[in-house]
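In this text, all values refer to a predicted model and were calculated from it rather than measured experimentally. Every chain is numbered from 1 and lettered A, B, ... according to where its sequence line falls, protein lines coming before strand lines. Every heavy atom of this structure was used, including side-chain atoms; hydrogens, water molecules and symmetry mates were not.
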Number of protein chains: 2
Amino acid sequence: MTPYPVSSEDRDAFVQSLQMLTGRWKVEILWMLSGGVLRFGELRRALPGITQHMLTTQLRELEAHGLVKRTPYAEVPPRVEYEMTDAARDLKPVFKAVMVWAREHSYLLSGGDAAPDGETHP
Amino acid sequence: MTPYPVSSEDRDAFVQSLQMLTGRWKVEILWMLSGGVLRFGELRRALPGITQHMLTTQLRELEAHGLVKRTPYAEVPPRVEYEMTDAARDLKPVFKAVMVWAREHSYLLSGGDAAPDGETHP
DNA sequence: TTCATTAGTATGATTTTTCATATTAGGTAT
DNA sequence: ATACCTAATATGAAAAATCATACTAATGAA
């Protein structure tokens with residue numbers, strides 16, 4: 001009915017999903033957490049350059065979007081553990097699809113060094 | 001070798017690919033262009049709320065990233081046509097993977113109305 | 001001549017995002 | 001009592017993204 005291959009509802013869902021991953025450190029945080037549970041300080045040390053404030057806010061946003069689970073312990077000094085949710089783990093096919101695309105079109109990415117069409121260096 | 005399921009190079013490629021689609025109007029522009037070639041003014045009218053300046057800059061960024069092709073004609077008044085590139089069309093599997101995820105986890109998205117686990121309202 | 005049209009560019013304001021630094025609470029160890 | 005440790009908050013500055021408005025060039029139509 002529309003000239004477009006997808007509905008505008010689907011487009012909106014796509015935009016929303018994209019926004020869950022939009023943020024200076026979110027993908028890197030998820031990448032770290034894909035290795036297992038980490039506490040706040042470990043995450044901080046694993047992400048050189050991030051400030052405490054940014055780590056807190058990015059984690060809170062990920063948590064609000066249901067991609068990260070936060071577990072505080074009633075201890076002193078405080079201990080708070082972070083881990084991926086199942087929803088975040090289910091993003092793997094998305095990640096894979098992007099990687100397939102990125103490999104196919106690596107010439108569009110900076111830092112890489114491939115030619116547009118099955119071309120290798122002589 | 002690493003505790004992570006993907007390499008940091010893959011993570012960087014993922015981040016870069018994501019950034020190509022990051023921008024207030026980029027997905028909506030691509031969505032419009034998925035219906036076929038459009039000239040600047042048509043695109044502008046099709047995107048209520050966008051300013052000329054934003055449309056220009058978003059299109060230029062998409063073009064620089066190889067997702068949009070720009071074809072200016074030497075006419076007066078000027079005519080410039082925009083269309084998706086093959087690379088942009090190849091993003092379809094990514095779009096599909098995100099949609100599968102979004103449907104599975106629609107309770108995480110705002111605007112929707114599904115329950116977390118195969119639950120419907122009584 | 002004057003006006004209308006189109007795809008921009010110029011300029012500045014506003015909003016959002018990110019960064020930098022300091023401070024806090026409350027137990028534990030000394 | 002004092003210093004220490006951790007996760008977090010407070011505050012303000014800087015940078016980036018977005019928005020709002022006005023202006024331009026060149027030709028054809030009136």
**Asked** Considering only D/dC19, D/dA8, C/dT18, which nucleotide approaches the side chain of B/W25 most closely?
**Response** D/dC19

**Asked** B/E81 near the nucleic acid: base, sugar-phosphate alone, or nothing, with a heavy-atom cut-off under 4.0 Å?
**Response** nothing

**Item:** Contact state string [nucleotides 21-30 of chain D, B base, S sugar-phosphate only, - no protein heavy atom under 4.0 Å]
**Value:** -----BB---

**Request:** May I have the distance from B/M54 (atom CE) to D/dA16 (atom P), rounded to whole angstrom?
**Result:** 16 Å

**Item:** Separation of C/dT6 C1' from B/R70 CZ (nearest whole Å)
**Value:** 12 Å

**Message:** Please classify the nucleic acid contact of A/Y82 as base, sugar-phosphate, or nothing, using heavy-atom distances under 4.0 Å.
**Reply:** sugar-phosphate

**Message:** Tell me if the CZ atom of A/R44 is crowded by more than 12 foreign heavy atoms within 6.0 Å.
**Reply:** no

**Complete:** Separation of D/dA8 atom C1' from A/R39 atom CZ, nearest Å, is 14 Å

**Item:** Any pair counted as side-chain hydrogen bond (donor to acceptor under 3.5 Å, both in side chains), so long as it reaches residues 57-69 of chain B, sequence neighbours left out
**Value:** B/K26-B/E61, B/K69-B/E83

**Request:** Looking at every strand, decide which applies to B/R44 at a 4.0 Å heavy-atom threshold: base, sugar-phosphate, or nothing.
**Result:** nothing

**Message:** Any base atoms under 4.0 Å from B/Q58, or only sugar-phosphate, or nothing? Heavy atoms, all strands.
**Reply:** sugar-phosphate

**Nearest-angstrom distance from the residue atom CZ of A/R79 to C1' of C/dG26** = 16 Å

**Asked** Toward the 5' end of DNA chain D, which comes first, B/E61 or A/L59, by nearest nucleotide?
**Response** A/L59

